[in-house]
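Computed from heavy atoms alone, side chains included, the values below leave out hydrogens, waters and symmetry copies.
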2 protein chains.
Amino acid sequence: MPGTRERLIDAAGEVFARRGFREATIREICIAAGANVAAVNYHFGDKDRLYLAVLRETHEAAVTHFPPDMGVSDDDPPEVRLDAFVRSLLMRLLHEGRPAWHAQLMAREMSDPSPALEALVEQSVRPMWKRLTGICRELLGEKAPKRAVDTCAASVVGQCLHYKHASACMRLLVPGLCSEVATLASHITRFSLGGIEATRREGQGPC
Amino acid sequence: MPGTRERLIDAAGEVFARRGFREATIREICIAAGANVAAVNYHFGDKDRLYLAVLRETHEAAVTHFPPDMGVSDDDPPEVRLDAFVRSLLMRLLHEGRPAWHAQLMAREMSDPSPALEALVEQSVRPMWKRLTGICRELLGEKAPKRAVDTCAASVVGQCLHYKHASACMRLLVPGLCSEVATLASHITRFSLGGIEATRREGQGPC
DNA sequence: CCATGATTCAAACAAGTGTTTGACTCGCCC
DNA sequence: GGGCGAGTCAAACACTTGTTTGAATCATGG
């Protein structure tokens with residue numbers, strides 16, 4: 001049985017990912033960790049610093065378990081790297097268990113920011129964003145305007161995050177749609193490649 | 001000066017849209033409405049029924065102010081109707097003020113459901129979903145599998161909702177991107193038409 | 001074995017929440 | 001004017017939240 005501090009981070013990761021920072025209660029976390037309510041204050045100071053510790057802790061677990069490049073190299077064609085990016089993000093968002101906590105915490109921070117958002121964006125989100133915009137720029141061509149690159153990247157991550165953010169609604173609307181992650185990833189990649197190609201053609205003007 | 005009941009619904013619409021059902025407090029709503037805390041209990045019974053009243057009230061304001069067809073007819077080509085759908089949804093989500101409350105409440109319900117989600121889906125979301133899947137089916141061709149129709153529709157609304165759900169994050173990532181609604185709508189329409197076309201080609205298999 | 005510091009515990013605390021109460025005010029009809 | 005019902009109000013209630021407290025327990029080195 002690991003120490004109380006580790007059990008608290010484990011339990012807090014699960015509860016924060018499932019209920020969000022505000023909805024999660026220290027009592028629920030401590031019960032799940034088999035610890036006393038005062039343990040959080042003793043080991044971390046307060047709820048905020050426990051949350052920051054969880055963000056720091058889960059970051060590594062996420063990148064090692066779901067490498068953002070999924071094993072493809074920077075020399076592979078951008079279509080392959082886009083597919084790897086989508087597949088990695090979707091798996092992080094929809095998987096269950098510890099390695100998925102970090103992406104789910106990021107998704108929650110986006111739709112309901114806590115004071116930790118800014119640090120989280122700089123630490124975790126911006127590197128992924130840079131990777132994605134790099135892929136998009138390659139697909140759009142070097143002379144594509146920055147705005148086209150950004151909106152295309154937003155379209156890609158918007159499709160992926162939708163299955164997390166609106167999962168409760170989608171389950172009611174189209175039962176069973178969110179279950180097959182691999183199929184969803186294939187669709188999003190194909191859809192996005194088509195969308196990026198259409199954006200590229202538009203930028204070149206009529207010919 | 002309208003009656004207390006009307007002022008409460010007005011204030012509650014603004015507060016619920018901005019803070020969500022759980023984060024909004026009766027006291028904040030009552031102060032904004034210039035009413036006593038007991039007024040909610042007197043006029044609506046409890047917080048839940050005030051929330052339901054707000055959902056009912058704002059629904060009409062939304063559809064009359066931002067008609068989902070934006071004036072285009074069912075006989076217009078599906079490309080035009082898709083553009084109208086995207087533009088209408090995006091304006092609802094990103095505008096400020098009373099007519100936008102309903103869409104923002106829907107967006108909040110999706111990412112953080114309250115007991116009212118199911119009723120809201122049946123009343124407001126499913127009709128819009130039916131309209132969108134109809135457009136997608138037309139673009140994909142009649143023999144397109146149901147799953148392709150659903151995933152394409154999800155890709156379209158996912159892109160739109162992203163600018164609402166992740167607005168705090170996107171503001172940090174790409175300042176200024178979320179400001180020009182009309183440009184965003186044009187991009188999403190073009191991107192989606194390209195994505196749907198790619199999905200259609202895939203469905204027909206190699207030729 | 002015991003002293004000392006780290007850790008745990010039940011209990012309490014202060015602040016905030018939705019809700020209820022009972023007195024009070026106001027307008028209206030007989 | 002008097003009674004009456006609808007509406008309003010300050011105050012309190014019951015409950016949950018994060019946090020603190022001070023004693024009890026444990027572990028470890030002398």
Exercise for the section: With rounding to the nearest 0.5 Å, note down the distance linking CG in Leu94(B) to CD in Gln104(B). Expected result: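 If we round to the nearest 0.5 Å, Leu94(B):CG and Gln104(B):CD are 8.0 Å apart.
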Practice task
Could you tell me the separation between the CG atom of Leu161(B) and the CD atom of Gln159(A), rounded to the nearest 0.5 Å?
Solution key: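 Reported value, rounded in 0.5 Å steps: 12.5 Å.
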Please give, in whole Å, the distance from [N] [atom2] to [X] [atom1]?
X: Asp46(B); N: dA14(D); atom1: CG; atom2: P; answer: 19 Å
X: Glu28(B); N: dG18(C); atom1: CD; atom2: P; answer: 10 Å
X: Leu8(B); N: dC9(D); atom1: CG; atom2: P; answer: 11 Å
X: Phe44(A); N: dT7(C); atom1: CZ; atom2: P; answer: 12 Å
X: Tyr42(A); N: dA23(D); atom1: OH; atom2: P; answer: 17 Å
X: Asp48(B); N: dT17(C); atom1: CG; atom2: C1'; answer: 13 Å
X: Ile31(A); N: dA10(C); atom1: CD1; atom2: P; answer: 11 Å

Using a cut-off of strictly less than 4.0 Å, decide whether [X] has a side-chain nitrogen or oxygen near OP1 or OP2 of [N].
X: Thr4(A); N: dT8(C); answer: yes
X: Asn36(A); N: dA10(C); answer: yes
X: His43(A); N: dT8(C); answer: yes
X: Asn41(B); N: dT20(C); answer: yes

Practice task
Report the residue (Phe21(A) or Ala38(A)) whose heavy-atom-nearest nucleotide on DNA chain D is the more 5′ of the two.
Solution key: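 Closer to the 5' end of DNA chain D: Phe21(A).
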Practice task
Tell me which nucleotide among dA11(C), dG18(D), dA11(D) gets nearest to the side chain of Val37(B).
Solution key: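 Comparing dA11(C), dG18(D), dA11(D) against the side chain of Val37(B), the answer is dA11(D).
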Problem - 5′-ward residue of the pair Ala35(A)/Lys47(B) relative to DNA chain C - result: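 The residue closer to the strand's 5' end, by nearest nucleotide, is Ala35(A).
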Problem - Salt-bridge criterion met for Arg18(A) and Glu28(A) (N-O under 4.0 Å) - result: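 A salt bridge links Arg18(A) with Glu28(A).
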Practice task
State plainly whether the residues Arg49(B) and Asp46(B) are in salt-bridge range, i.e. N to O under 4.0 Å.
Solution key: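 Yes, Arg49(B) and Asp46(B) are salt-bridged.
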Problem - Donor-acceptor pair (no angle test) under 3.5 Å: Arg27(B) side chain, dG16(C) base - result: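 A donor-acceptor contact between them is absent.
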Handout entry: Non-hydrogen side-chain atoms of Ile9(B) and Phe44(B) separated by less than 4.5 Å
Key =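 Yes, side chains in contact.
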